[in-house]
Amino acid sequence: MDELSDLYAEVIMDHQRHPRNFGKLENFDREIQMTNSSCGDQISLQIKFENEKIKDLKFTGMGCAISMASASVMTEVMKGLSVKEAKHFCDEFLEMIREGKVPADDLKDAKVFSNIHKYPMRIKCATLAWHALQKAIE
Amino acid sequence: MKKDFPILSTVLPNGKKLVYLDNAATTQKPLSVIERISHFYKSENANVSRSAHYLGEQTTVSYNNARKAVAKFINADEDEVIFTSGTTESINMIAYGWGDPNVSEDDEIIVMTSEHHSDFVPWQQLAMRKKCKFKVVPLNIDGTINMVEFKKSITSKTKIVACARMTNSFGIINPVEEISKTVHENGAILVVDGAQSVPSMPTDVKNMDADFLSFSGHKMLGPMGIGVLYAKKDMLESLKPFLTGGGMIDEVKDESTTFACAPDRYEAGTPNVEGAIGLASAIEYLDEIGMENILEHERSLFEYAYSKLKSVDRVTLYGPKEIEKRAGIVTFNIKGIHPHDVAAVLDSNGIAIRSGHHCAQPILRALKVDFMATARASFYIYNDKSDVDALVDAIEDAKRRF
Ligand SMILES: Cc1ncc(COP(=O)(O)O)c(C=O)c1O
């Protein structure tokens, strides 16, 4: 196995090739735009809430494989969760990226980003979508 | 030549040999510069121009000699050479020290769309402080300055024109001599950003007739944290000191202070002596090669890279094709791969390049560059054709993976 697959795990490559929940929602309650000024990654995230839950969410954006795959994974993990659960997942994800903390089981596919903490230049890419979500549900 | 640069024999943890192609960001240092700095701390270190003892004299002599070396290198007089921490500080010294006292609401400031943020934001902020007009000159589609538009935008109200002699985004050499003529005919001053040009081609401040010129030591084999502000003698009257304090005074009384003459007046506090000496040592190394030869070498690598890459599928090259407008910077994108991912694949092949907006968002926005970012390989004296070959191979690897 070559060392690049440490960064670009198969799951990440799959999400960047086929991003899930990519596009616009017809009706939504919240829209957040965010950019990562150090490298220009951009994301726009739309969310539809129902009964304190994330009923649906979609994103559009432009950026590197890490930032786009991370956004795709985030939308998959978050769909259907309560706002409270979503906050908890966000915190866990951000802690995993920053501290390299062993991820909890419930992070699902998002665990493939656990290596990113070894690549300080890519942390902002991997966390952009999650920061956008955090802002949307704060 | 590579053997003069210890860091260039680095082997990455994955066993790949380092190929350093990020020279527009910063250059590596030859052993002679490293040892010169080490010698300073081993046998010369004292404070400068203050301490009347053996070491104080050694330091002062070395510091003054460094200034002489810089002056000679750019064909300036010694007292026109002010040491700063780098290009960014030099430009801010002009914006605050000359701009604030001399620009007023009715004036205009002109910059080019292709300026580095360090030669853009200080002028934009000065214009905002003064509530004066801030004009950004549009580019041609190849990224060169649209000279017709430039000549249209300059008026008798223009006070300052800021322009890089060589851009860091695409490595374009701008016609500063021509710009300088127009600027002075209109009674404005020309501020030249030499951060990229001074390391890569001969510099003669009298020939280009710049009123100010800024550059950084770290992009020309010298240490980080040292740079130069050249200020034409006529400008020294109207350039106010930006920092005040020790070392820049003539006489201090309770109620007022008179300042020392240039350049001391602009160097408040203990200067970066190590940096100045290191820069002088770097200049010695560059002079031995000859600045004409450096430009020719960079161009030959550019032409070699350009000829190889122009036929590579999915690769877009930015900037003009005419070699006389270029130096050793190749800016490119690979269709469908974000430049950050390109840089990561290249890195796994041992190749260091830069990716991102290169502190030059206005030009990328103006030219509608994909991703608002590019990959950039930049060559310097120690690079050779085998480095270009490695780059081209690694680009093929990136295409296979994405
Ligand atoms: C054209 C240009 N101007 C200004 C700068 C800023 O130089 P420094 O970061 O050394 O102050 C750079 C370097 O990135 C540059 O390439």
Side chain / backbone / both / neither for [X] at chain B, heavy atoms under 4.5 Å:
| X | answer |
| --- | --- |
| A:Y119 | neither |
| A:Q16 | side chain |
| A:M68 | neither |

Chain A heavy atoms under 4.5 Å from [X]: which part of the residue, side chain, backbone, both or neither?
| X | result |
| --- | --- |
| B:V345 | both |
| B:H340 | both |
| B:N14 | side chain |

Exercise. Is any residue of residues 121-132 of chain A within less than 4.5 Å of chain B by heavy atoms, and which ones?
Worked result: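 Counting heavy atoms that sit under 4.5 Å from chain B, the residues of residues 121-132 of chain A involved are A:R122, A:C125.
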For this session: Using atom types as modelled and distance alone, determine if a side-chain donor or acceptor of B:D341 lies under 3.5 Å from a backbone N or O of A:A65.
Result: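 Side chain of B:D341 to backbone of A:A65, a donor-acceptor pair under 3.5 Å: yes, one is there.
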Exercise. Which atom pair, heavy atoms only, marks the closest approach of A:L4 to B:A344?
Worked result: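 What the structure gives for the nearest pair is CD2-O, 3.8 Å.
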Problem set entry | Enclosure of A:K48 NZ (heavy-atom neighbours >12, cutoff 6.0 Å) |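 Yes, NZ of A:K48 has more than 12 neighbouring heavy atoms, counting only those of other groups under 6.0 Å.
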Exercise. Which residues, numbered in order, of residues 387-402 of chain B come under 4.5 angstrom of chain A by heavy-atom distance?
Worked result: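 Within residues 387-402 of chain B, the residues under 4.5 Å from chain A are B:R401, B:F402.
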Problem set entry | Heavy-atom side-chain proximity of B:F371 to A:D41 below 4.5 angstrom |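 No, every pair of side-chain atoms sits at 4.5 Å or beyond.
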